[in-house]
Amino acid sequence: MKLTPKFALIAAGILAATSLTACSGGTAATGNAADAQPKLAFIQGVAGDEFYVSMKCGIDAAAKSAGASINTQGPVKFDPTLQKPIVDSVAASRPDAIIIAPTDVAAMQAPLKAAAAAGIKVVLVDTTVQDPSFASSAIASDNRGGGLEAFKAIKKLSPEGGKVLVISTDPGVSTADARVAGFEEGAKADPSFQYLGVQYSHNDPAEAARLVSAALAKDSDIVGVFAANTFAAEGTATGVRQAGKQNQVKIVGFDAGPAQVKQLKDGVVQALIAQEPGSIGTQGVEQALKAIKGEPTEKKIQTGFKQITAENITGEGAQYIYKSTC
Ligand code: T6T
């Protein structure tokens, strides 16, 4: 039978609605939210990064105590071209909610909006997208505040001022961009400091080390580097050590993975801005479960950070060290 364009549209609409209902394992779609085991998916920014491992620990514990199932996946690199296919296949498996750290503000917008439009609750953890209005909740550290704190730490370590540089990941990573903005705000407002700008290491410690070596070859009098995440910080410390400038260049890194903590203890890095990934994960599950049940959610939740130094790493700072396993 040949359908007129109008009938073809109506038929396509009915088919789409039927397949959504038929494929849905979602409690929200089936109306059994109170009885069925909620089905959650967690998509990390990158697999193996202790920040997301620690977040997974919080998510697993919260899901277990709520009787929810949890399926965790993450791309091998912090890369939207690798994360998007994971989102698409997870969405096709029809979980009730996806808890995700999007790897790029622009590239992950459409796939996540499509998942939400298909009836899956979406909760953003850590990173966000350009327009997160479709998400039930977005939970992240005070990244801008953390970046400003990093500048204040460098100023305390080098009170006389001088040239400062930032090593970040990639533009479009909302968290790192906010940290850079916070650092820049502090550095530009202080006339004793000369802000050399930001360079991008693509989440690769070797690239971060190479950038720092090149920057020190050009400006041998750099006094401080702010490294905006785990991998940037690891590489920055290597670059400064290779240049033999540990006594001159103060390093403040975001995050507190085991390798960064070792660098802090070794005296190559002077301060770390640690996040609370476990708490972000726990709150992510709480918000996802509320959304599934149709209860009101908190659209935006901000979590804190803690500055770790050689003075507090064996004391109150120790609890902030990220985990390699749960
Ligand atoms: O800094 C964290 C995270 O907050 C950021 O969005 C991406 O990098 C990390 O995972 C650390 O590697």
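Numbering of ligands and ligand atoms starts at 1, following listing order. Just the heavy atoms: all of them, side chains too, but no hydrogens, waters or symmetry mates, feed the values below.
Between Phe78 and Phe231, a ring centre-to-centre spacing not shorter than 6.0 Å is recorded.
Given atom 7 (C) of ligand 1, the protein heavy atom at minimum distance is Tyr52 OH, 3.7 Å. What sits closest to atom 3 (C) of ligand 1 on the protein, heavy atoms only, is Asp126 OD2, 3.3 Å. The closest protein non-hydrogen atom to atom 8 (O) of ligand 1 is Asn229 ND2, 2.9 Å. Here the heavy atom of the protein found nearest to atom 1 (O) of ligand 1 is Asp255 OD2, 2.5 Å. At the top of the distance list for atom 9 (C) of ligand 1, counting protein heavy atoms only, stands Asp49 OD2, 3.5 Å.
Side chain to side chain, Thr230 and Glu234 fail the donor-acceptor criterion of an N or O pair below 3.5 Å. Ser141 and Asn143 form no side-chain donor-acceptor contact under 3.5 Å, judged by distance and modelled atom types alone. Asp126 and Tyr52 share a side-chain donor-acceptor pair at under 3.5 Å.
Atoms of ligand 1 found under 4.0 Å from any heavy atom of Thr230 (numbered from 1 in listed order, with element): 11 (C), 12 (O). Within ligand 1, counting atoms from 1 as listed, the ones closer than 4.0 Å to a heavy atom of Thr127 are 6 (O). Listed by number with element, the atoms of ligand 1 under 4.0 Å from a non-hydrogen atom of Gln275 are 1 (O), 2 (C), 3 (C), 4 (O). Taking every non-hydrogen atom of Thr175 and a distance limit under 4.0 Å, the qualifying atoms of ligand 1 come out as 5 (C), 6 (O). Residue Arg179 approaches ligand 1 through these ligand atoms, each under 4.0 Å from one of its heavy atoms: 1 (O), 3 (C), 4 (O), 5 (C). Using a 4.0 Å cut-off to heavy atoms of Phe51, the atoms of ligand 1 that qualify are 2 (C), 3 (C), 4 (O), 10 (O).
Just one residue in the list Ile120, Leu124, Val123 forms a side-chain contact (heavy atoms from CB on, under 4.5 Å) with Ile98, and that residue is Ile120.
Below 30°, between 30° and 60°, or above 60°: for Phe183 and Tyr195 the angle between ring planes is between 30° and 60°, a tilted geometry.
Environment of CG in Asp131: crowded, with over 12 heavy atoms of neighbouring residues, nucleotides or ligands closer than 6.0 Å. Crowding of Lys245 atom NZ: a count of heavy atoms from other residues, nucleotides or ligands under 6.0 Å exceeding 12.
In terms of polar-atom proximity, defined here as any N/O pair under 3.5 Å, Asn203 makes no such contact with ligand 1.
Look at Asp88 and Lys84 and you find a salt bridge, because one of the NZ, NE, NH1 or NH2 atoms lies within 4.0 Å of a carboxylate O, short of that distance. A salt bridge does not link Glu149 with Lys152: none of the charged nitrogens is closer than 4.0 Å to a carboxylate oxygen.
Residue Phe231 places a heavy atom under 4.0 Å from ligand 1. Within the 4.0 Å heavy-atom shell around ligand 1 one does not find Glu50.
Looking at Met55 against ligand 1, nothing comes within 4.0 Å, counting heavy atoms.
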